[in-house]
Structure formats: C-alpha cells, structure tokens
Number of protein chains: 2
Amino acid sequence: MASTVIDLASVRSICQQCGIYNLCMPIGLERGDIDQLDEIIKRRRPIAKGEHLYRAGEDFSSIYALRSGSVKTYLNHVSGVEHVIGFKLPGDLLGLSGISGSHYTNSAIALETSSVCEIPFTQLEDLCQEIHGLQHHIMEIMSREIQEDHEKIAVCHKLPAEARLASILLTLSDRFHHRGYSATEFNLSMSRSDIANMLGLAVETISRLFTHFEEEGLLTADRKHIKLLDIKRLSEIVQTA
Amino acid sequence: MASTVIDLASVRSICQQCGIYNLCMPIGLERGDIDQLDEIIKRRRPIAKGEHLYRAGEDFSSIYALRSGSVKTYLNHVSGVEHVIGFKLPGDLLGLSGISGSHYTNSAIALETSSVCEIPFTQLEDLCQEIHGLQHHIMEIMSREIQEDHEKIAVCHKLPAEARLASILLTLSDRFHHRGYSATEFNLSMSRSDIANMLGLAVETISRLFTHFEEEGLLTADRKHIKLLDIKRLSEIVQTA
DNA sequence: CACCCGAGATGATCTGGATCAAAGCAGGTA
DNA sequence: TACCTGCTTTGATCCAGATCATCTCGGGTG
C-alpha cells in the first residue's frame, strides 16, 4: 500500500465525522466548539467481547460514549448474583451513575467487539461552562436515562412474562430504527439468559416465549437473528397486559 | 396579635435558614450565591394530601425540592394501571425526568400535607453557568437518582417478596436517618397498596409479610407506625436472597 | 473429522405469590 | 352514637413461571 498522505484538516474534528455524533451530542455546536470537545475526548482501542469497560467500585473519572458494538450494564448483588440493568447501543452514554460517588456503581461489559470514546468528566464539566448548550445537553441525556429507568421499573413490576419480552423487543426495535437500522430485523448481541435476567425471568421462560411467539407468527428467531413480523400485535400484548 | 415587625435581612436567604437546605443544595455557596438561588425559587403554598404536584404529560418548566411531607411518583400504564416508581422525602428533588422531553414523564402526588420549593429550570440552568459548583451539584443529584433507580430495578427483578419488603424498609430507615430522624422508628405515609405496587407484589402479600416479620420479632407495625427491632436480620434477608 | 462445550429448547413437576372471598378495624360524618 | 367507607388482615385456592432434568444444536479445536 502507498503511504497515506494525512490531511491535517480531516484529522481534526473526528467527532464531526463520527457516524453517531448526532446521537451522543445532538446539538448545534459551532466548528470551534466541536474541536474543543474533540480535544478532551480520548479514543480507546476496541474492546473485545467479554472485556469490561469498567467495574462497579472502580474510581470514576470518565463517562463513555459507545461508538460501535454493544455493552451490557449490570449490578452485582451481595450474594454474587448478577442483575442486568440494560443494554447500550452506539450513541449511548455509559457511566453516568458514577458521577455522584466518585466510583462507578455498575459494571459494563462488551457483548461484542465494541469501541468507545472516553470523555474525562471533569474536563467535560469545564467545557459545559464554556460551550453554550452543552450543559443542557448533558442534563437532557441524564434526564432521559432516568426516564428510561423508570419505564424499566414499571415493566418489571407487574407485566406478565409475555408482555415483558414483547416490550424489550419493541424497545430494541425502536432503538435500532432510531440509529438508522431496520426496525424489524436485527441481531441480538446478548444471550437469552441476559435477556431473562434483565426481565427478571428464567431462561427457560424466554426460550419458550420465543417459540410461542414464532408459533403465533409474531416473529421469527433463528439463534440471535430476529425478524419482527407483527409489531402491531406485539404492542397490543404490552398494552393489554 | 400584634403586627409582626419584618426584619428584611431575615426574609432574605430563606434557603439558608431552611432545615433541609443542606440536603437539596449541599454545596458551599457564598452568601451572595445563595441569595441568587433564593431569588429564582418560588415558594408554593402547602400541597394537600392527594393533590398532584404535577402530572405526566404536563409541560415541564420547573423541578421541585420537597421541603416537608412526602410525595409518591408514578407512571400510568396504557391500560390505566398505576405503577409506583418511588417515594420522595424532604430534600429530594422531583421532576428531573422531564428535562429531556419538555413534559413531565411521571406524576407526583402528595401522600400527606407537603410543601415544595419550585425551581424554574431554565433559570436554574443559567445560574449553573454563573455559580461554580452548582452545575456539578445538579449533575450529582441526577446521577444519584440514576443509581437509585438501578437499585430498584435490581430489587424488583429477582428478589423474593420477603427481601423486597425488607429492602424498602431498610432504604426508608436509611433515608430517615440521613435526615436526622430515627432510623428505627418512623411513620409510613404511604398505604400498604402503594408499597405493594412499588415492589411489584400484591397488597395481601405485604400484609402477610408484615405479620410474619412481627412474629419473627423483626419489627412492630401498628398501622402506619413502624419500629424496626432487628435491622441486622433484616439486612441478612436482603443479602441472602 | 470427530470431539467437546456452552447456549438453547423442551418436557415434567413444584411453588411463591396472585387471586378470590370475607371479615376486622379505624377514622370520618351525620 | 351509630353508621359508613376505605384500608388492612386473614384464609382458601389457583396458576404463571421457577426449577429440575434432558436433549439438541452449532461453532470452535486438536
């Protein structure tokens, strides 16, 4: 291969060229502002499947923006049991719950090869004082996380198993769609038992439900590959529950 | 009654005299800064039991700091069923999940006569740009809310009924203690069915568990009045679950 | 290619907590 | 004072989903 000629201008503002930039920082930043943001962000080497991004208890100093891949966050109960909190997709921010105590309060593990941007939090905070709108943006993101968590609490409180699975599938569908992927056809990077754990159900129940949903013509599930065939009926399951 | 002579200096900085000031704004603000904060805060008339502070879907413009009393937050499922998200005590901030969408995403109803400080959010944001530390403080509060929500998700996922009730009682105990009240003796402002809903259980189960806990000598429960007799054993129930 | 191993599916059985049904109780009110 | 009315407790029964036990399958490995 011929040696690459590096165009300095194009090296700048990696953020601006990032496909998911509009997801993690969807604000009208001026060119100069983006450069400032760019400067504090550290790009990390790819994270292999099964590798931890951070673990509960470790010192908090940065939040992470997921660029590609997917990550599972979980809490460790005293008994050693793992409680899955959620699945993060490109554009999502990780580690926000660590701000208050100076330690990460959950653990994040890659479900597949993933890449992240590390954002040193103190520097980000300083930048928030300079760049108009950035402060608001971060608060919005945190607000949305709170909102999503509330919905999770509601789902796992009272909904029957069927509705819980339908609900998580529809949520994922939405999130993929929002990222420009198909809303009806996608690959699950998480295992059945991660899904079960996240929903407070047994793996066997999830397995049976997938079979059941297939029989009903609601979807096809070949290993990790999911096709949603009847989104309308799936939402009805969630709503009438 | 004799007409009251108003001392102007004492009217200023109500925040500083507020008993829970250190809970909602536990930062070293200078006298002038507190005055600024004071100026944007609107004191509301007391909210009667059963009255809504805000409802899901209403326009978001302010967050609220609970000064006294207690408030229940909940989501309305499409089916009309109510999902209790949490109980707020003096010093807690309400409405944070509304920041992102410009609408409140949950509803807040007073469980007893309560009072709140209304904080117009846009003004608060502006102040965050002026007062060093305020921005960080708000982010810390939001971070803590995320963290608490994660714990709620974990609790209602897998823990058996016993552990869930023990867990909420211990959490309340902690929170009362943190506010300077007894950790072992307190009044529940919420009904049994609110507790049940919040924990994803049936009222009958809660009722039976209280009886069971009393028989075991873990606590006494006379109507709303609770005395925790054996906190150590209660935590064991949570941990060994 | 044969082997292995962990994820997933399926079947049989068990059980924690829901649901249904009633009765007890406290606080408000006429 | 007696009577509601809504909360709480208690008891009897039922069932959704857990648990236990196999079995299958696909993907990696020597």
Side-chain angles (χ1 to χ4, degrees), chain A residues 48-50 72 79 81-84 109 111-113 155-169 187-216 219-226 237-238 240-241, chain B residues 48-50 72 79 81-84 109 111-113 155-169 187-216 219-226 237-238 240-241:
Chain A
K49 176 176 176 169
K72 170 179 85 176
S79 59
V81 188
E82 164 181 323
H83 291 294
V84 175
I109 187 171
L111 290 168
E112 59 193 307
T113 306
V155 163
C156 78
H157 266 179
K158 302 239 93 183
L159 298 199
E162 248 195 351
R164 295 190 203 184
L165 182 56
S167 161
I168 198 178
L169 289 174
N187 284 297
L188 300 174
S189 56
M190 68 294 287
S191 68
R192 298 283 192 269
S193 80
D194 284 334
I195 297 177
N197 187 321
M198 151 103 204
L199 295 175
L201 298 169
V203 206
E204 293 93 328
T205 305
I206 298 297
S207 200
R208 280 184 249 271
L209 280 174
F210 268 119
T211 316
H212 179 231
F213 282 172
E214 283 203 84
E215 286 165 1
E216 298 279 306
L219 52 75
T220 63
D222 174 28
R223 275 315 251 189
K224 306 267 188 193
H225 189 78
I226 307 290
I237 289 177
V238 178
T240 61
Chain B
K49 176 176 177 170
K72 169 179 85 175
S79 59
V81 188
E82 164 181 322
H83 291 293
V84 176
I109 187 170
L111 291 168
E112 59 193 306
T113 307
V155 164
C156 79
H157 266 179
K158 303 239 94 183
L159 298 200
E162 248 195 351
R164 295 189 202 185
L165 182 56
S167 162
I168 199 178
L169 288 174
N187 284 298
L188 300 174
S189 56
M190 68 294 288
S191 69
R192 299 282 192 267
S193 81
D194 283 334
I195 297 177
N197 187 321
M198 151 103 204
L199 295 175
L201 298 169
V203 207
E204 294 92 330
T205 306
I206 298 298
S207 196
R208 279 184 250 272
L209 281 173
F210 268 119
T211 317
H212 179 232
F213 280 172
E214 283 202 85
E215 285 165 2
E216 298 279 305
L219 51 75
T220 63
D222 175 28
R223 275 314 251 191
K224 307 268 187 193
H225 189 78
I226 306 291
I237 289 178
V238 179
T240 60

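Convention: sequence-line order gives letters A, B, ...; per-chain numbering from 1. Below, each value reflects all heavy atoms present in this structure, side chains not excepted, and no hydrogens, waters or symmetry copies.
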Using atom types as modelled, flag every donor-acceptor pair under 3.5 Å from a side chain in residues 195-210 of chain A to any protein atom, sequence neighbours excluded.
from	atom 1	to	atom 2	distance (Å)
A:N197	OD1	A:V84	N	2.9
A:N197	ND2	A:E82	O	2.6

Interatomic distance where [atom1] belongs to [X] and [atom2] belongs to [N] [whole Å]:
X	N	atom1	atom2	answer
B:R192	C:dC25	CZ	P	15 Å
B:H157	D:dA18	NE2	P	12 Å
A:I195	C:dA9	CD1	P	10 Å
B:E214	D:dT10	CD	P	9 Å
B:M190	D:dC7	CE	C1'	15 Å
B:H212	D:dT8	NE2	C1'	19 Å
A:H225	C:dA7	NE2	C1'	19 Å
A:N197	C:dA7	CG	P	14 Å

Closest heavy-atom contact between [X] and [Y]?
X	Y	value
B:M190	B:L111	CB-CD1, 3.9 Å
B:A166	B:I237	CB-CG2, 4.1 Å
A:K224	A:S191	NZ-CA, 3.5 Å
B:R192	B:R223	NH2-O, 2.8 Å

Review point. Between B:F213 and B:I226, is any pair of side-chain heavy atoms under 4.5 Å apart?
Key: no

Check your understanding: Where along nucleotides 16-21 of chain C does protein come under 4.0 Å, by heavy atom, of base (B) or sugar-phosphate alone (S), with - for untouched nucleotides?
Key -> -SSBB-

Review point. What is the nucleic acid contact for B:S191, judged by heavy atoms within less than 4.0 Å: base, sugar-phosphate only, or nothing?
Key: sugar-phosphate

Practice item. Return the stems involving DNA chain C, sorted by first number, where pairs are Watson-Crick (N1-N3 with N6-O4 or O6-N4) or G-U wobble (N1-O2 and O6-N3), both under 3.5 Å, and runs are 3 or more long. Key: C:1-30 with D:1-30

**Study point:** Single hit among A:E112, A:K72, A:K49 for side-chain contact (heavy atoms from CB on, under 4.5 Å) with A:S189
**Key:** A:E112

I want to check one thing: is the phosphate of [N], taken as OP1 and OP2, less than 4.0 Å away from some side-chain N or O of [X]?
X	N	result
A:K224	C:dG8	yes
B:S193	D:dC7	no
A:R223	D:dG26	no

